[in-house]
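Structure record follows, encoded as structure tokens.
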Amino acid sequence: MPESEKQVMHIGWDAEAVFISRPNRFVAIVDIPSSGIQNVAVHVHDPGRLVDLLYRGNRLLLKKATNPHRKTKWDIIAAKKDDGWVLVNSACHRKIAEWVLSDPDISPLGQVDSICLSKTW
């Protein structure tokens with residue numbers, strides 16, 4: 001693979017959905033047409049408003065949750081914007097930043113000595 005085509009990470013998805021509403025910061029209601037599922041609650045990992053991405057009728061990509069005891073059985077991964085998809089699962093953003101910073105050829109900081117996760121005090 002040419003240097004210019006390096007893959008940052010593969011983020012899979014299991015179903016396409018249609019956004020209906022967002023009753024709170026971490027839950028959205030969607031329809032999953034391919035499964036015939038309507039008005040199902042899904043997890044929104046980004047608490048931001050995202051009004052230009054999460055609006056009635058917009059297309060979403062979902063991933064099934066791996067924890068069978070979770071209240072929501074799906075996570076929103078991406079939302080359709082123009083001709084592409086926008087990653088809205090902020091759990092992936094740290095991994096992408098780590099990938100960029102660990103490569104001195106593309107890191108805006110050059111060579112980085114170490115990368116540490118955020119600390120909880």
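Atom set for the values below is all heavy atoms of this structure, side chains included, hydrogens, waters and symmetry mates excluded.
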Quiz item: cation-pi between Lys80 and Trp85, 6.0 Å / 45°: yes
Side chain Asn67, main chain His69, donor-acceptor under 3.5 Å: yes
Over all atoms of both residues, closest heavy-atom pair of Thr72 and Ala65: O-CB, 4.0 Å
Chi angles and distances behind the side chain to side chain contact (heavy atoms under 4.5 Å, CB included) call for Val42, Val27: CA-CA 6 Å; Val42 298; Val27 174; over 6 Å; no
Euclidean distance, His43 NE2 relative to Asn89 CG, rounded to 0.5 Å: 7.0 Å
I'd like a table of donor-acceptor pairs (distance under 3.5 Å, sequence neighbours excluded) in which one partner is a side-chain atom from residues 11-23, with atom names and distances.
residue	atom	partner	partner atom	Å
Asp14	OD2	Lys64	N	2.8
Glu16	OE2	Arg59	NE	2.5
Glu16	OE2	Arg59	NH2	3.3
Arg22	NE	Asn24	O	3.4
Arg22	NE	Arg25	O	3.4
Arg22	NH1	Gly48	O	2.8
Arg22	NH1	Arg49	O	3.2
Arg22	NH2	Arg25	O	2.5
Arg22	NH2	Asp46	O	2.8
Arg22	NH2	Gly48	O	3.1

Heavy-atom side-chain contact between Ser107 and Val112 under 4.5 Å: yes
Straight-line distance of Ile77 CD1 to Lys63 NZ, nearest 0.5 Å: 7.0 Å
ILVMFWY network linking Leu50 to Tyr55, side-chain heavy atoms under 4.5 angstrom: no
Full working for side chain to side chain contact (heavy atoms under 4.5 Å, CB included) between Leu60 and Leu54: CA-CA 9 Å; Leu60 306 171; Leu54 300 181; 3.7 Å; yes
Side-chain donor/acceptor of Asn58 to backbone N/O of Leu53, under 3.5 Å: yes
Gap between atom NE2 of His45 and atom CG of Leu87 - 0.5 Å precision: 10.5 Å
Within one Ile-Leu-Val-Met-Phe-Trp-Tyr cluster: Leu61 and Ile76, side-chain cutoff 4.5 Å: no
Spacing of NZ belonging to Lys73 relative to CG belonging to Leu62, to within rounding of 0.5 Å: 14.5 Å
CH2-CD1 distance between Trp74 and Ile37, expressed to the nearest 0.5 angstrom: 6.0 Å
Atom pair CD (Gln111) and CG (Leu101), whose distance is rounded to the nearest 0.5 Å: 11.0 Å
Expected output: side-chain Ser35 to main-chain Ile32 donor-acceptor under 3.5 Å: no
